[in-house]
Participant: 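Have a look at this one before I ask anything.
Convention: sequence-line order gives letters A, B, ...; per-chain numbering from 1. No experiment lies behind these values; they were computed from the predicted model shown.
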Amino acid sequence: MISCHNLTRRFGDFTAVDNISFELPAGSICAFMGPNGAGKSTTVNMLTGLLAPTSGDATVAGLSITTGGLELKRKIGVLPANLGLFDDLTVEEHLFLTGDIYGLKKEDTKSRTSQLLRVLDLEHGRKVFASRCSSGMRKKTALAMALIYNPPVLFLDEPFEAIDPMTSRTISELLLTLAERGTTVFLTSHILSTIERTATHFVVIRGGRIVWNSTAADLNRPLEEMYFELIEYPAVENLEWLGNQNA
Amino acid sequence: MTGPILRALATTAARERKTFRSIATNNFFLVTALLLQQAGVFLYLIGGLVVLFPMSSDPLRKIPADRFPLWPLSKGQHWKLRLLSPWINPITWLLAGLAAWSLRHTESFGVVLLGAALFVIGFLAPSISGEPAFLRWVPAPPGPLGQLIRKNLREILLTLDFYVALLLSISGLIYRLAMRDLPSEALMSMTLLIVLALSSYAQCLFGLESKSGLARYRLLPLEGWKIIATKDAAFLVVAVVLTLPLAPVTGLAGALALLAFGHAPSTEERREQKRWRFSGGASLGSGIAQTIAMAGAGVTAFRISTLILIPCVLACAGSAWWYGRKLREFQDSD
């Protein structure tokens with residue numbers, strides 16, 4: 001469902017993503033991990049058609065990311081890093097907008113909106129303008145927007161961050177159900193315990209290169225242990241003045 | 001504490017002023033300055049300009065809203081910043097100089113008091129925040145783009161430009177009801193003044209969008225021209241409704257011309273705007289070209305033929321299509 005071949009993106013002299021390749025079958029949940037600045041967002045932006053690759057190509061839901069255009073955008077649901085919410089629309093108006101634009105029938109949009117707001121515990125905030133929502137409500141609204149038209153591929157940038165533990169579990173269960181029914185999920189996250197329970201595939205990127213690509217079945221020790229070994233966790237420098245009120 | 005903040009603001013402002021194109025202005029203030037100078041109330045206008053201009057180009061808006069309250073600043077320091085920050089803008093000095101020059105040529109204390117009142121308003125307006133309840137009453141037009149048009153209508157209602165235009169529209173209505181033998185030229189002039197009050201907004205159609213909102217446009221499976229069309233639809237509705245008591249066809253022609261010339265700066269020179277402020281507009285050159293086109297279209301529609309609407313619609317649609325493509329190109333090359 002997602003097939004990536006020698007994908008590279010350069011910004012001037014800096015290579016953000018360096019020749020990465022991987023394959024994800026339909027119905028998989030891929031956790032794309034790596035430290036800040038490793039190239040995760042650049043990869044997601046390329047796979048969602050928002051950023052042209054310098055070289056290489058990828059197909060998502062059978063469409064090339066370079067030529068897929070608007071058709072690609074119709075086939076994917078995205079929870080972007082900055083959420084993509086309009087300050088002057090309410091939570092439910094965001095879902096009505098999405099339903100209208102993706103061609104859902106009015107009654108389907110209304111019923112799916114009610115169901116998603118209930119499942120994501122957003123019912124109390126349905127009439128709240130996005131600019132007045134808490135960060136958790138904003139994230140859940142953006143997630144509901146990605147889900148409402150039932151796309152075959154989902155790209156979720158940090159879906160578990162800034163979310164309460166109950167909703168985090170709900171999202172995790174929703175993703176497992178989606179995958180069972182054939183939806184492919186590509187997510188980034190730093191919450192290793194949650195993704196270890198949820199993902200079927202793990203890809204770790206560092207310095208723009210893939211340093212580990214494995215299925216959950218092949219993981220033979222705790223994900224956290226594996227991750228820190230791959231990332232080469234540095235010793236924290238001791239800042240003498242920090243916390244010392246007499247300094 | 002205020003010194004470093006003012007220095008940082010001055011640095012930011014200086015970086016923005018590297019080119020002539022970067023000098024943003026509000027069309028309404030510029031044009032009325034020229035017209036009212038001849039009408040003999042120059043000082044009134046300059047007094048307003050000195051206060052209102054900083055509202056539209058308030059350097060304090062460079063400070064992130066979440067960051068400002070976290071700084072350990074006293075109330076006095078807040079006031080000091082508010083008083084001093086407009087003087088970072090060289091145009092404020094220019095306007096103040098003009099005001100001082102004008103004051104030497106008048107003895108009207110009433111005008112000075114009016115200037116002081118405007119000054120107070122200038123300090124109160126920035127404290128308004130959030131969405132007022134009436135925004136919920138804005139209906140969504142039918143169709144797949146209805147929610148986007150609703151959002152764009154709400155954005156217009158969050159600018160002070162709209163309220164100046166509304167005031168002019170109400171004044172026009174009263175004037176028309178009170179004077180049965182109203183000269184037709186007055187209808188045209190007042191209509192154009194209303195459209196002029198909205199004109200700077202047409203140069204910064206995406207100015208009130210947050211980064212998050214702009215990111216959503218990139219994800220939506222919509223052609224660029226459709227995104228611009230939702231902005232245009234909201235603007236035209238407002239322009240026509242406000243000019244209904246006077247000469248709506250003239251207003252429509254003027255508004256279409258404004259949009260035809262406003263798409264370029266809206267997409268190529270996007271400047272962030274603040275709610276409850278006057279639109280800062282784009283570059284001076286864009287503002288002049290836009291105002292001339294608006295006046296030309298409006299006067300032609302009023303005096304010669306309403307057929308001018310045809311080229312106006314074509315120009316607006318062509319510009320929306322062209323800059324819609326550009327909008328997608330800019331977004332995709334980010």
Participant: Among A/Glu93, A/Arg138, A/Met145, A/Lys127, single out the residue with the greatest number of heavy-atom pairs under 4.5 Å to chain B.
Facilitator: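 Most heavy-atom pairs within the cutoff with chain B belong to A/Glu93.
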Participant: If you check every heavy atom in residues 77-84 of chain A against those of chain B, which residues fall under 4.5 Å?
Facilitator: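 From residues 77-84 of chain A, the residues near chain B are A/Val78, A/Pro80, A/Asn82, A/Leu83, A/Gly84.
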Participant: If you count heavy-atom pairs under 4.5 Å with chain A, which of B/Gly213, B/Ser212, B/Gly146 comes out on top?
Facilitator: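 The answer is B/Ser212.
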Participant: I'd like to know if the side chain of B/Arg218 reaches the main chain of A/Gly49, judged simply by a donor and an acceptor atom lying under 3.5 Å from each other, with no hydrogens or angles considered.
Facilitator: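 Checked: no pair found.
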Participant: Only heavy atoms, only distances under 4.5 angstrom. Which residues in residues 101-126 of chain A are near chain B?
Facilitator: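 Residues of residues 101-126 of chain A touching chain B at under 4.5 Å: A/Ile101, A/Tyr102.
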Participant: Taking only residues two or more places apart in sequence, or in another chain, which ones meet A/Thr66 in a side-chain hydrogen bond (donor to acceptor under 3.5 Å, both in side chains)?
Facilitator: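 By the side-chain hydrogen bond (donor to acceptor under 3.5 Å, both in side chains) rule, A/Thr66 matches A/Ser64.
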Participant: CZ of B/Arg154 to CZ of A/Phe86: how many Å apart, nearest 0.5 Å?
Facilitator: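 The distance works out to 12.5 Å.
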Participant: Nearest 0.5 Å, please: how far is OG1 in A/Thr90 from CG in B/Leu135?
Facilitator: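 Answer for the CG-OG1 pair, B/Leu135 versus A/Thr90, is 11.5 Å.
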Participant: With the threshold set at 4.0 Å, does a side-chain nitrogen-carboxylate oxygen contact exist between B/Arg275 and A/Asp88?
Facilitator: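 A salt bridge is present here (some side-chain N lies under 4.0 Å from a carboxylate O).
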Participant: Going from CZ on B/Arg216 to NE2 on A/His94, what distance comes out if it is rounded to the nearest 0.5 angstrom?
Facilitator: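 Taking CZ in B/Arg216 and NE2 in A/His94, the distance rounds to 7.5 Å.
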Participant: Could you list the residues that satisfy side-chain contact (heavy atoms from CB on, under 4.5 Å) with B/Thr230, not counting sequence neighbours?
Facilitator: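 B/Thr230 satisfies side-chain contact (heavy atoms from CB on, under 4.5 Å) with B/Leu145, B/Leu148, B/Ile149, B/Asn152 once adjacent residues are dropped.
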Participant: Can you give me the closest heavy-atom contact between A/Lys73 and B/Leu220, atom names plus distance?
Facilitator: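 Heavy atoms only, the tightest pair is CD-O, 3.8 Å.
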Participant: May I ask you to name which of B/Arg150, B/Lys211, B/Gln147 has the most heavy-atom pairs under 4.5 Å with chain A?
Facilitator: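 Ranked by contacts with chain A, first place is B/Gln147.
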